[in-house]
Amino acid sequence: MADKPLDIDQKSCKGCGICYSLCPKKAITGDIRGKVVLSAPDLCSRCGICESHCPDYAIFVRREKK
Amino acid sequence: MRPDLQHLFRMEKLPHIWCPGCGHGIITRAIAEAINESGIDLDKTVIVSGIGCSSRAPGYMNFDTLHTLHGRALAFATGVKLANPELNVFVITGDGDATAIGGNHFIHAARRNIDLTVILFNNNIYGMTGGQYSPLTPTGKMAATSPYGNPENNFDVAALAIAAGASFVARGTAFHDKLLVNSIKEGIKNKGFSLIEALSMCPTSYGRRNKMGSAADMIKHLKDNAVNVVTAQKLPPEKLEGKFLIGTLHYKPYREFTEEYDKLIARVQKEGK
Ligand SMILES: Cc1ncc(C[n+]2csc(CCOP(=O)(O)OP(=O)(O)O)c2C)c(N)n1
Ligand code: SF4
């Protein structure tokens, strides 16, 4: 399986749009309801700004194991 | 939810009831992260809140928690801490909860310098009840109770806490979450009254009425208008107009109430023998 940078919990997402407004790489966008989708996984740098600013804990960044 | 924080939440209670884009969720996660990183004993940690959207936060957190009466979180927390000073006692409160109905408890808890870590979720409004203005609603802003703009002056709650006697005062925001985590950790370390003002956002009851745009616009507003207190010292006053400071605003440890109270008990017991 290709290594996905983010896990998104669609059930928890309320579609506020904060995450994709902050994403510096435009790796995530909103669907027609405004809910987050990982549209360009290759662009994601795993910076985690989406994860730490999601009010609904719907995004989890898969970090490299140290 | 990040797996390393899940043990700090009552996962079965999530998703929470807060509105889409409400800043309270971000701040709640920052509190959990700060507690996690500070290494305090989770079984000796109590989180107390009053009433409001912000005060619902402890209900999602996996600690001994007390959801009390509107404005009375600090009164309950004072009781918990005095009864058992070895507990780490946190207070989660809103701007209305802490500075309107609970204003008296607020100044006197600060005056006593009792060892509590208070995180004040400041969304500038009474969110839960539909947007009445609070003592922290800036002058001129629209609220359900000020349809022509708030005619009153607002408190600067950090300055109020410092004047009343708090030994640690810091400000973070829902955008500056790392700074917020660090401020809460500093507050935990301080043996005394610690206030961390966390600027939140209420798109539903405040943002909409004040034409502040979406939740994403509101968080950008926090990002763009905050100036770190260290940077601010080097800036001319005109560069700070309309901005607010973030970071540690005050740190001056001094005699703490529960310690003084224990000394008093020891002294009186000795004298009575
Ligand atoms: C004694 C009492 N008075 C009034 C209320 C109604 N009430 C509930 S929450 C609230 C205001 C909450 O505002 P704030 O503390 O700023 O929290 P927010 O909801 O904005 O997070 C009020 C007035 C109440 N529950 N109890
Ligand atoms: S009313 Fe405001 S404070 Fe309450 S949950 Fe909604 S956005 Fe948050």
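In what follows, chains are A, B, ... by sequence order, proteins preceding strands, each numbered from 1.
- Using a 4.5 Å cut-off on side-chain heavy atoms (C-beta onward), N88(B) and I188(B) make no contact.
- Side-chain contact check for D9(A) and S12(A): at least one donor-acceptor pair (N or O, by modelled atom type) lies under 3.5 Å.
- With respect to chain A, the highest number of heavy-atom pairs below 4.5 Å among P15(B), P3(B), P203(B) belongs to P3(B).
- Of all non-hydrogen atoms in S183(B) and I196(B), the two that sit nearest each other are O-CG1, 3.9 Å.
- When atom types are taken as modelled, the side chain of S21(A) and the backbone of I18(A) share a donor-acceptor pair closer than 3.5 angstrom.
- At a heavy-atom cut-off of under 4.5 Å, chain A is reached by no residue from residues 57-70 of chain B.
- Within residues 20-50 of chain B, the residues approaching chain A closer than 4.5 Å by heavy atoms are, in numerical order, P20(B), G21(B), C22(B), G25(B), I26(B), T28(B), R29(B).
- Residues G71(B) and D97(B) share a closest heavy-atom pair of N-OD1, 2.6 Å.
- Side chain of T145(B) to main chain of Y133(B): a donor-acceptor pair is present (N/O by atom type, distance under 3.5 Å, no hydrogens or angles).
- Residues V181(B) and I184(B) have side chains not in contact (no heavy-atom distance under 4.5 Å, counting atoms from C-beta outward).
- Heavy atoms only, all atoms of each residue included: V227(B) and K243(B) are closest at CG2-CB, 3.8 Å.
- Between R63(A) and D4(B) there is no salt bridge, since none of the side-chain N atoms of the basic residue sits less than 4.0 Å from a carboxylate O of the acidic one.
- Counting only N and O atoms by type, the side chains of N190(B) and S194(B) include a donor and acceptor under 3.5 Å apart.
- For a heavy-atom cut-off of 4.5 Å, chain A lies close to A215(B), A216(B), I219(B) in residues 210-219 of chain B.
- In this structure, the side chain of S205(B) engages the main chain of G127(B) through a donor-acceptor pair within 3.5 Å.
- M11(B) does not touch chain A: none of its heavy atoms, backbone or side chain, sits under 4.5 Å away.
- T99(B) contributes atom OG1, which lies 9.5 Å from atom CD of E197(B) (distance to the nearest 0.5 angstrom).
- For R56(B) (side chain) and I17(B) (main-chain N/O), no donor-acceptor pair under 3.5 Å exists by modelled atom type.
- N122(B) places no side-chain N or O within donor-acceptor distance of the main-chain N or O of D95(B), the cut-off being under 3.5 Å.
- Interface with chain B: from residues 26-55 of chain A, residues I49(A), E51(A), S52(A), H53(A), C54(A), P55(A) qualify, criterion being any non-hydrogen pair under 4.5 Å.
- Proximity to chain A (any heavy atom under 4.5 Å) is restricted, for F9(B), to the side chain, taken from C-beta onward.
- If you check the side chains of T137(B) and N124(B), you find no donor sitting under 3.5 Å from an acceptor.
- Residues T248(B) and F168(B) have side chains in contact (heavy-atom distance under 4.5 Å, counting atoms from C-beta outward).
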